[in-house]
Each structure stands twice: as C-alpha cells, then as structure tokens.
Amino acid sequence: MHIKELPRLEKAEHGVVMRFAPNPSGPLHLGHARAAVLNDAYVKRYGGKYILRIEDTDPKRIDSEAYQMVIEDISWLGITIHEVVYQSDRFDLYYRYGRELIERGGAYVCSCENEQFRQLKQKKTACPCRPLSVEENLTLFDKMLAGEFYEGEASVRVRTDLDHPDPAMRDFPAFRILHQPLHPRIDAVVYPLMNFSVSIDDHLLGVTHVIRGKDHIANTRRQRYIFDYFGWDVPVYRHYGRMGIEGVVLSTSQMRQGIVSGEYEGWDDIRLGTLRALSRRGISPDAVRQAVIDIGIGETDISFSWDNLYAQNRMIVDPVANRYFFVSHPVGLEIRDAPHQVAHALLHPNEPVRGKRILPFTGTVLLPREEIEKEPAVIRLKDLFNVIVSREDGEYVLTYAGDQLSEARDVKAPIIQWLPADCALPCVLRKQEGDVLGVCEPDVMREAGSVVQFERVGFARIDDTAGDRIVAYFTHR
RNA sequence: GCUGCUAUAGUGUAGUCCGGCCAAUCAUUUCGGCCUUUCACGCCGAAGACUGGGGUUCGAAUCCCCAUAGCAGCACCA
C-alpha cells in the first residue's frame with residue numbers, strides 16, 4: 001500500500017492541539033470522516049491533543065440520539081480523542097465572554113428586525129442600536145439573559161466594519177434568543193451562535209490548528225474579529241475544498257427525510273454515505289482513513305470516487321477474506337454418470353495453511369442460472385470436475401466429463417462456482433441495486449460479522465446468520 | 001449583484017511558494033499479456049492531463065493579465 005504524506009503544517013513542530021467539531025444532528029458520514037481523519041492524522045504526526053467538541057448550540061439541529069452515534073462512529077474510525085467537550089455545558093462561559101466583549105466595545109445588543117438590519121447592512125449603514133453605550137448594552141444583555149425578550153426581539157452583534165467590502169462580514173450575530181424548541185441538555189433562552197462559541201472555545205481549549213471545509217472561510221474571517229477584540233492569537237487555519245460523492249446525498253437532513261419517508265431502512269441503509277452504512281457493507285475504517293488521507297487538504301472541489309475507496313478496501317480485505325461459493329438464482333441439475341466424491345476447496349488461495357472447505361457431491365448440484373444460460377459447451381465446476389452441457393427437449397443436461405483440469409483448460413471452459421444440492425443454505429446478497437437471492441456454503445455460518453469473498457461474485461460482509469437465511473451485504477467486486 | 005477561493009488524465013493526487021532536472025509523479029481506472037482450479041490477489045505492459053487566450057523570459061504546469069468554469073459566503077445554521 002502506498003502511504004501518502006499530508007503536507008506539513010506551519011508552526012506544528014512542537015505539537016498541536018486540534019479539534020473535530022460536529023453538531024449532533026445525526027451519525028457521521030464520509031464528509032465528517034474527512035475532517036475527523038485529517039485532523040487526527042496531524043495530531044498523530046506532530047503529537048499533541050485531539051479534542052472532540054460537540055457543537056450543540058442550535059437545538060433545531062440536535063438529534064439526541066446523535067450524541068451517542070457520533071461517539072460510536074468516531075471510535076469505529078479508530079480515531080484517538082483525548083478530550084470531549086460539549087458546548088451546551090459551556091453556556092455560562094459564553095455569557096461571561098459575551099459580556100466582556102460588550103465591555104470591550106466589540107459587541108452590541110441589536111433589537112432591529114431581521115429584514116430591516118439586512119437592508120441597512122447592504123447599504124453599509126449603522127443600525128439604530130449600534131451607537132448605544134456599553135452600559136446600555138450590558139443592561140440589555142442582562143435583560144436578554146433574564147428572558148425578557150421574545151424570540152427575534154434582540155440579538156448580540158459583533159461590531160466589525162460596516163464598510164467591509166464583503167457584506168458577509170458586517171456586524172455578524174453572536175447571540176440570539178430562542179424559546180423553542182427546547183434543548184435536550186440544558187435550559188436556556190440565549191444561545192451563542194457558531195462564530196462566537198467557536199472562537200471562545202478554540203482559544204480557551206488552546207486549539208493551535210484548524211482544518212475544516214472551505215465553507216468556513218468566511219467564518220474564519222469573522223472569528224478573527226473576536227480574537228482581535230480579546231487580543232488572542234489566532235490558530236493556523238486550513239480550508240479544504242468541497243467534497244461531493246458519486247450518487248450519494250450527504251446531507252443529514254435529506255437522509256433523515258428519506259428514512260422517515262421509508263425510502264431508506266435507516267442510517268445504515270447501504271445506499272447512504274454514512275459510516276455505519278459503510279461498516280455494514282464491510283468497508284474497513286482503515287480504507288476510509290487511507291482514502292481520505294489520499295484526498296488530502298486541497299482547496300479544489302472534488303468528487304469522491306467509490307472506486308478509489310474500494311481499491312483501498314480491497315487491499316485490506318483480500319488477504320483476510322475467506323473464499324466461499326455463492327450461487328445466485330440457483331438451478332438444480334443432476335449430473336449424469338458422475339462419481340460421487342468430496343471436493344476440497346481452499347479457504348484462501350494464497351494461504352493454503354488456512355484450511356479447506358469440504359463440499360460433498362452426491363449427484364445433484366446448484367448452479368447460477370446466469371452461467372447456464374450462456375450455454376457453454378463445457379464447464380468446470382471449480383474444485384470438482386468437468387461437465388458437458390447439452391439440451392434435451394429444452395432442458396439442460398449435464399454430463400460428467402472427467403476430472404482433468406487441463407482438459408477444461410484446453411477447451412477454455414469457464415470455471416464456475418457450484419453447491420451440492422443437499423447442503424446449501426439460502427442466502428440473500430444485498431446490493432445497493434437490490435437483493436440477489438441465492439444459496440451459499442454452510443460454512444458461511446461461521447463468518448458472521450466478517451467479510452468473505454464469494455468467488456467470482458465479489459466481497460461481502462456476512463451480516464446475519466440467525467434467521468432462516470443468511471444475510472450478506474455486497475461490499476464490492 | 002457583492003466578496004473571496006480554486007482550476008494537472010475518467011477519479012484522486014505530486015509538482016506551483018524559490019521558472020529550466022516535468023516530452024509532468026503516484027494510486028485508482030480501462031485495455032492487453034503472464035500467473036492462477038475465482039472475472040480475486042500478484043506480476044509485466046499500454047492508454048490517458050497541465051481550462052482557454054495573451055504577456056514576461058533564452059526558457060512557463062510553475063510568474064503577470066484577461067476570459068471561462070466550478071465552489072463558498074452574504075442566516076438570529078454549523
């Protein structure tokens with residue numbers, strides 16, 4: 001496996017403090033994995049501390065189950081977290097620094113209507129609240145905290161530069177009032193906005209380097225205003241480009257919608273880009289990690305390719321996956337004149353010491369319909385013997401044609417998987433395109449939870465062996 | 001509309017800061033071949049790119065300008 005080196009980080013020689021800061025709105029997906037892994041990779045490279053900061057300052061975007069899911073997903077990824085911080089535990093801190101920012105003249109309480117402020121901002125005009133004194137602002141802030149305002153009636157804004165050429169920079173909000181919905185962890189009416197809480201936390205937690213998506217470039221500039229008011233040093237920032245994924249929605253809200261409407265089975269539906277979906281399909285966390293590091297921190301927008309992920313995963317999984325036969329759409333056929341015998345097939349072709357599977361042939365085999373319908377003249381049943389295929393009255397007839405592999409080679413006979421009719425287990429292979437019904441070897445029962453290779457079909461993770469049929473999830477070819 | 005960022009093969013990526021060693025790296029992909037009782041793995045080989053146009057220079061993927069395209073932000077979301 002080729003190991004790709006990430007570009008070096010400035011000012012990182014003496015260690016770094018970094019953070020991964022998801023909001024708990026759902027499980028982690030590939031987009032999160034990029035942020036989580038990249039930061040983790042740098043912490044591991046330079047040494048230091050990795051903080052998981054749960055950004056739960058918007059009750060509208062909290063799914064109380066997500067707190068747990070995020071933790072699970074991170075540990076699945078094999079990421080080392082040294083400290084977990086919940087922003088909802090820190091509201092008092094934000095209020096304290098909010099007050100201080102007002103005292104320093106860096107913020108004011110604005111009671112303009114949203115639309116009104118927006119228009120003033122476009123015209124680079126100060127709103128009527130902007131000139132209020134520090135004392136007046138502090139009083140208003142206290143009233144906010146005391147719950148004396150309705151939602152939307154007041155907010156705290158950071159004083160920036162009304163002439164700033166980028167309208168996005170002008171007096172952005174730092175706190176808002178929210179009466180509803182209720183926050184699952186705390187009881188509050190004044191909520192810090194992302195740019196404020198992030199600035200305070202990044203400083204207080206000693207964050208030295210931040211790697212995040214370029215959708216945060218404007219936020220980085222806004223946060224700099226707050227750092228400047230407090231006289232703090234800003235971390236080193238890196239913004240990587242947008243990442244799309246072939247044929248997948250990564251938006252948590254869209255995924256949730258699909259689950260609610262019944263389009264998807266759940267967060268681990270194999271058509272989804274969540275980490276739990278990948279895990280269920282047998283994608284290894286190391287493959288995700290490698291694929292993400294391979295992509296790096298470039299600022300270009302990219303499209304994540306499944307092929308590249310699969311290639312990484314194949315490298316990891318191929319040496320460990322045991323081989324088995326899976327026969328899709330099985331057709332039972334008796335083989336004429338064939339001596340009963342027992343086939344021995346290697347669990348892994350490159351590692352004979354691992355042992356063999358034993359498949360007793362007693363006259364009738366199950367073959368994949370697709371293979372028979374190609375009407376080959378001769379086929380070789382893998383690890384068994386050769387068979388001549390003919391038709392009589394529209395029915396396929398198979399006749400024993402010797403054991404010699406070389407003879408099959410000579411006529412370029414396809415070598416195909418098969419199963420004894422009397423000891424095959426029903427098995428459903430679940431693919432993104434749909435389910436494939438078939439049968440597999442009884443020994444697959446022993447592989448619950450692990451990834452196997454169904455020979456000539458592809459890799460699959462054995463998900464469930466408890467029901468009346470084995471359930472396997474297709475990983476990739 | 002305003003502000004900013006980016007632009008290397010199908011995909012991802014190296015090279016760009018400090019112009020020549022780049023007729024452009026590596027991986028994946030596709031196609032051949034070898035190996036093989038899997039259409040897997042492994043091995044060998046091939047295919048495939050510097051967005052376009054100007055400029056600077058002896059020399060540009062690399063510097064400058066313009067164009068084009070994509071993306072992001074302009075939320076009391078993160």
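Note on naming: letters A, B, ... go to the chains in the order of the sequence lines (proteins, then strands), and numbering restarts at 1 for each one.
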Nearest heavy atoms of [X] and [Y], plus distance in Å:
X: A:His344; Y: A:Lys356; value: CB-CD, 3.7 Å
X: A:Leu250; Y: A:Met243; value: CD1-O, 4.4 Å
X: A:Ala287; Y: A:Ile316; value: N-CD1, 3.4 Å

Going from [atom1] on [X] to [atom2] on [Y], what distance comes out if it is rounded to the nearest 0.5 angstrom?
X: A:Ile54; Y: A:Ile62; atom1: CD1; atom2: CD1; result: 10.5 Å
X: A:Thr475; Y: A:Leu309; atom1: OG1; atom2: CG; result: 11.5 Å
X: A:Phe454; Y: A:Phe459; atom1: CZ; atom2: CZ; result: 12.0 Å
X: A:Cys440; Y: A:Ile462; atom1: SG; atom2: CD1; result: 6.5 Å
X: A:Thr139; Y: A:Met144; atom1: OG1; atom2: CE; result: 13.0 Å

In whole angstrom, give the distance that lies between atom [atom1] of [X] and atom [atom2] of [N].
X: A:Arg222; N: B:rA78; atom1: CZ; atom2: C1'; answer: 11 Å
X: A:Tyr237; N: B:rG73; atom1: OH; atom2: P; answer: 17 Å
X: A:Arg118; N: B:rC74; atom1: CZ; atom2: C1'; answer: 9 Å
X: A:Gln290; N: B:rG12; atom1: CD; atom2: P; answer: 17 Å
X: A:Leu120; N: B:rC74; atom1: CG; atom2: P; answer: 18 Å
X: A:Ile302; N: B:rG12; atom1: CD1; atom2: P; answer: 6 Å
X: A:Leu250; N: B:rA78; atom1: CG; atom2: C1'; answer: 16 Å
X: A:Asp301; N: B:rG12; atom1: CG; atom2: P; answer: 10 Å

Which part of the nucleic acid, if any, lies within reach of [X] when heavy atoms closer than 4.0 Å are counted: base, sugar-phosphate only, or nothing?
X: A:Lys121; value: sugar-phosphate
X: A:Ser25; value: nothing
X: A:Gly152; value: base
X: A:Phe175; value: nothing
X: A:Asn23; value: sugar-phosphate

### Summary
Among B:rG12, B:rC77, B:rU6, the one nearest any side-chain atom of A:Thr300 is B:rU6

### Summary
Secondary structure of RNA chain B per the Watson-Crick/G-U criterion (both distances under 3.5 Å; [ ] crossing, | other strand, . unpaired) is (((((((..(((.......[.....)))((((((.......))))))...(((((..]....))))))))))))....

[atom1] atom, [N] versus [M]: distance in rounded Å?
N: B:rG32; M: B:rC5; atom1: P; answer: 47 Å
N: B:rC77; M: B:rU16; atom1: P; answer: 43 Å
N: B:rA14; M: B:rA24; atom1: C1'; answer: 9 Å
N: B:rA49; M: B:rC44; atom1: P; answer: 23 Å
N: B:rU36; M: B:rU30; atom1: P; answer: 24 Å
N: B:rU51; M: B:rG42; atom1: P; answer: 32 Å
N: B:rA7; M: B:rA61; atom1: C1'; answer: 12 Å
N: B:rG20; M: B:rG4; atom1: P; answer: 30 Å

Write out a two-atom table: protein N or O, nucleotide N or O from nucleotides 29-32 of chain B, distance below 3.5 Å.
none

### Query
With no hydrogens and no angle check, is any side-chain donor or acceptor of A:Tyr95 less than 3.5 Å from a backbone partner on A:Val190?
yes

### Message
Does this structure show an ion pair linking A:Asp201 with A:Arg19, if we count only N-O contacts that are shorter than 4.0 Å?
### Response
no

#### Entry: A:Asp166 and A:Arg222 ion-paired at < 4.0 Å
no

### Query
Taking the six-membered ring of A:Phe117 as reference, does the NZ or CZ atom of A:Arg157 fall below 6.0 Å from its centre and within a 45° cone about the axis?
yes

### Query
Can a cation-pi geometry be assigned to A:Arg34 and A:Phe304, taking NZ or CZ under 6.0 Å from the six-membered ring centre and within 45° of the ring axis?
no

#### Entry: Criterion salt bridge (Lys or Arg N to Asp or Glu O under 4.0 Å) on A:Arg357 and A:Asp383, from CA distance to verdict
CA-CA 10 Å; A:Arg357 305 115 65 190; A:Asp383 302 306; 5.0 Å; no

#### Entry: Close residues, residues 209-219 of chain A, relative to RNA chain B [heavy-atom separation under 4.0 Å]
A:Lys214, A:Asp215, A:His216, A:Ala218, A:Asn219

### Query
Among residues 153-173 of chain A, which residues get a heavy atom nearer than 4.0 Å to RNA chain B?
A:Arg157, A:Pro165, A:Asp166, A:Pro167, A:Ala168, A:Pro173

Nucleotides 33-39 of chain B: which of its N/O atoms have a protein N/O under 3.5 Å away?
residue, atom, partner, partner atom, Å
B:rU37, O2', A:Lys382, NZ, 3.1
B:rU37, O2, A:Asp383, N, 2.6
B:rU37, N3, A:Arg380, NH2, 2.8
B:rU37, N3, A:Asp383, N, 3.2
B:rU37, O4, A:Arg380, NH2, 2.7
B:rU38, O2, A:Arg456, N, 3.1
B:rU38, N3, A:Gln453, OE1, 2.7
B:rU38, O4, A:Arg323, NE, 2.7
B:rU38, O4, A:Arg323, NH2, 3.1
B:rU38, O4, A:Gln453, OE1, 3.4
B:rC39, O2', A:Arg477, NH2, 3.0
B:rC39, N4, A:Glu371, OE2, 3.0
B:rC39, N4, A:Arg456, NH1, 2.3
B:rC39, N4, A:Arg456, NH2, 2.7

### Query
For the residue pair A:Phe385 and A:Phe361, does the interplanar ring angle fall in the parallel (under 30°), tilted (30 to 60°) or perpendicular (over 60°) class?
perpendicular

### Task
Using the six-membered ring wherever Trp is involved, compare the ring planes of A:Trp418 and A:Phe325 and label them parallel, tilted or perpendicular (cut-offs 30° and 60°).
tilted

### Summary
Assign each of A:Ile297 and A:Cys110 the nucleotide of RNA chain B bearing its closest heavy atom; nearer the 5' end lies the nucleotide of A:Ile297

### A:Arg34 or A:Lys60, whichever maps to the more 5' nucleotide of RNA chain B
A:Arg34

### Query
Which of these, A:Tyr191, A:Phe141, A:Phe149, sits in a ring-ring contact (aromatic ring centres under 6.0 Å, His included) with A:Phe175?
A:Phe141

### Query
Does the B:rC71 base have a donor-acceptor partner in the side chain of A:Arg242 within less than 3.5 Å?
no

### Message
Tell me whether the side-chain N/O atoms of A:Ser305 come closer than 4.0 Å to OP1 or OP2 in B:rG10.
### Response
no

## Note on the structure
In short, salt bridge (charged side-chain N to carboxylate O under 4.0 Å, His left out) pairs touching residues 306-321 of chain A with sequence neighbours left out are A:Asp318-A:Arg323

